[in-house]
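Below: one structure, written as structure tokens.
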Amino acid sequence: LLHNVLAWTHENKDFALVDIHSCLKQSLEQLSWQAVDKQIQWKLELTTEPLQSRGSRHLLEAIFRNILSNAIRHSYPSGVVTVQTQRNGNWLEIHISDIGEGMSVDQLLRLLSGAPLREPRNGGYGIGMSFTQEFVRQIDGELTIQSSLEQGTRVSLSLPAEPVPQ
């Protein structure tokens, strides 16, 4: 399955300039029902500066949806998911954090290695994150994850910045 999906993404690259805030907001809207159902609040700390990167809008939306969906799923009920954006030199940084169950060091290492988790975590084996990591590589980005049990998880995505036309 993973091989087939990755082959599809390589065949369907529609790389162009993508407005990161617009893409994020679209993903947030698509997941609003999931957040409402669990009484999760969005906390948006978006830079006022326009942010653009070159890539596939479809891949970026899939990346954002997976990370945000995981944050909702693993947050404590009535919690907060924080979304932050900023420019850091030639990179755009997007941070998505939850306050929730978090992961052990073993779980985090397995997740980052692309191996499925041994035990399903709140409805997932980490397969979506394997897709996400590959999608990020395809658009020349970097993905890092920090997590602590019972405290939550922070997923950071760095994308090459593109100049914004005046």
Side-chain angles (χ1 to χ4, degrees), residues 2 5-32 35 40-75 79-100 102-103 105 107-115 124 126-148 151-166:
L2 178 60
V5 170
L6 295 177
W8 171 82
T9 61
H10 284 291
E11 293 172 5
N12 291 293
K13 285 186 180 176
D14 54 345
F15 280 29
L17 287 180
V18 178
D19 178 326
I20 297 302
H21 288 150
S22 169
C23 197
L24 263 171
K25 289 176 182 175
Q26 176 70 28
S27 298
L28 289 165
E29 282 180 27
Q30 290 174 348
L31 294 171
S32 62
I40 300 295
Q41 298 292 313
W42 302 123
K43 181 179 179 185
L44 303 180
E45 298 175 358
L46 308 181
T47 181
T48 57
E49 179 182 2
L51 301 180
Q52 287 189 334
S53 187
R54 184 163 300 281
S56 163
R57 182 174 182 94
H58 297 293
L59 283 181
L60 281 164
E61 286 179 356
I63 290 165
F64 294 148
R65 274 193 314 269
N66 186 63
I67 296 169
L68 289 164
S69 178
N70 284 343
I72 293 167
R73 186 177 326 119
H74 299 291
S75 286
V80 175
V81 171
T82 303
V83 180
Q84 301 168 303
T85 62
Q86 65 186 30
R87 180 185 293 269
N88 185 1
N90 293 326
W91 291 92
L92 308 179
E93 296 179 353
I94 300 102
H95 307 285
I96 299 172
S97 307
D98 67 70
I99 299 171
M103 290 180 272
V105 172
Q107 289 171 323
L108 183 57
L109 290 174
R110 286 186 63 76
L111 185 70
L112 292 173
S113 75
I127 295 169
M129 191 54 74
S130 295
F131 287 114
T132 297
Q133 289 173 313
E134 178 58 28
F135 294 165
V136 169
R137 279 190 280 278
Q138 288 181 30
I139 56 176
D140 297 323
E142 297 176 9
L143 184 115
T144 58
I145 304 172
Q146 300 169 310
S147 190
S148 296
Q151 295 180 20
T153 301
R154 175 180 165 122
V155 178
S156 297
L157 176 62
S158 298
L159 301 172
E162 288 287 333
V164 177
Q166 299 297 337

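Since the structure is predicted, the reported quantities are computational estimates derived from the model, not experimental observations.
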Inset, instruction - Kindly compute the distance separating CG (Leu28) from CZ (Arg65), expressed to the nearest 0.5 Å. - result: 11.5 Å
Inset, instruction - Could I get the full list of side-chain hydrogen bond (donor to acceptor under 3.5 Å, both in side chains) partners for Arg54, not counting sequence neighbours? - result: none
Inset, instruction - Might you point out which heavy atoms bring Gln52 and Leu92 nearest each other, and give the distance in Å? - result: O-CD1, 3.2 Å
Inset, instruction - Please report the closest heavy-atom contact between Glu61 and Cys23, naming both atoms and the distance. - result: CG-SG, 3.3 Å
Inset, instruction - Mind checking the CD-OG spacing from Gln41 to Ser75? Nearest 0.5 Å is all I need. - result: 11.5 Å
Legend entry - Minimum-distance pair of heavy atoms, taken over all atoms of Val81 and Ile72: CG2-N, 4.3 Å
Going by atom type alone, with no hydrogens or angles, which donor-acceptor pairs under 3.5 Å involve a side-chain atom of residues 139-147 and a protein atom two or more places apart or on another chain?
from   : atom 1 : to     : atom 2 : distance (Å)
Ser147 : OG     : Met103 : N      : 2.8
Ser147 : OG     : Gly152 : O      : 3.3
Ser147 : OG     : Thr153 : OG1    : 2.7

Inset, instruction - For residues Gly89 and Arg87, report the shortest heavy-atom separation together with the two atoms involved. - result: O-CG, 3.5 Å
Legend entry - Distance in Å, Leu31 CG paired with Ile67 CD1, rounded so as to fall on 0.5 Å steps: 11.5 Å
Inset, instruction - To the nearest 0.5 angstrom, please state how far the OG1 atom of Thr85 sits from the CG atom of Leu44. - result: 9.0 Å
Inset, instruction - Take atom CG of Leu46 as the centre, draw a 6.0 Å sphere, and report whether it contains more than 12 heavy atoms from other residues, nucleotides or ligands. - result: yes
Legend entry - Approximate separation, where rounding is to 0.5 Å, of Arg73 CZ and Asp98 CG: 11.0 Å
Legend entry - side chain to side chain contact (heavy atoms under 4.5 Å, CB included) evaluation trace for Lys43 with Ser97: CA-CA 10 Å; Lys43 181 179 179 185; Ser97 307; over 6 Å; no
Legend entry - Nearest atoms (heavy-atom pairs only) where Thr132 meets Asn66: OG1-ND2, 2.8 Å
Legend entry - Pair Gln86, Glu93: side-chain N/O donor-acceptor within cut-off below 3.5 Å: yes
Legend entry - Lys25 and Glu29 ion-paired at < 4.0 Å: no
Inset, instruction - Test His95 against Thr82 for side chain to side chain contact (heavy atoms under 4.5 Å, CB included), laying out the working first. - result: CA-CA 8 Å; His95 307 285; Thr82 303; over 6 Å; no
Legend entry - Ser148 (side chain) donor-acceptor with Gln151 (main chain) under 3.5 angstrom: no
Inset, instruction - Measure the OG-CD1 distance between Ser53 and Ile94 for me, rounded to the nearest 0.5 Å. - result: 7.5 Å
Legend entry - Shortest non-hydrogen contact between Val18 and Gly55, atoms and distance: CG2-O, 3.6 Å
Legend entry - Worked verdict on Val83 versus Leu68 for side chain to side chain contact (heavy atoms under 4.5 Å, CB included): CA-CA 9 Å; Val83 180; Leu68 289 164; 3.9 Å; yes
Inset, instruction - Given side chain to side chain contact (heavy atoms under 4.5 Å, CB included), test Leu60 with Leu159 step by step and report yes or no. - result: CA-CA 10 Å; Leu60 281 164; Leu159 301 172; 3.7 Å; yes
Legend entry - Flag side-chain contact, heavy atom, 4.5 Å: Glu134 against Phe131: no
